[in-house]
Amino acid sequence: MKALILAGAFALSACVPALPTNIPTAPVEVANRTAADEQIAIGVESGYKAFRLAIELGVDTGVIKGERASRAASADKRAYAALLVLRQAYATANAADFLTAARAANAAVSDAITVAKGR
């Protein structure tokens, strides 16, 4: 009976997948395996620059004035703050170690909460 149980255990152990040997040891290793974070950051940066340029041109030409200018300035402030959070998140993903990444992520989340509260 013991031999049968032992044989069954060996048979089942063959079904267990082996642990990967290339587990990343730092966030930067994960970030280096994909270009998605970089492409997202580039897209958001470009979008913000286009928005900012449009607002500046609108104000300079007089198309955006008064209450619209105030709302645009407020939107710009929120957008820029969110961009800074994104930059911090990108830096976090490319950190040399997990403790640095965790601290940067906590700071980014704190900044995001501040932005969400409208401060």
ILVMFWY clustering at 4.5 Å (side-chain atoms), partners of L57: L53
Between NZ on residue K65 and OG on residue S70, distance to nearest 0.5 Å: 13.5 Å
Qualifying residues under side chain to side chain contact (heavy atoms under 4.5 Å, CB included), relative to A72, sequence neighbours excluded: I55, I64
Shared hydrophobic cluster, V85 / I40 (ILVMFWY, side-chain heavy atoms < 4.5 Å): no
Side chain to side chain donor-acceptor pair (under 3.5 Å): pairs with one or both residues in residues 40-58, sequence neighbours excluded: E45-R87, Y48-D76, R52-E56, R52-D76
Distance (rounded to the nearest 0.5 Å) between I42 CD1 and Y90 OH: 7.5 Å
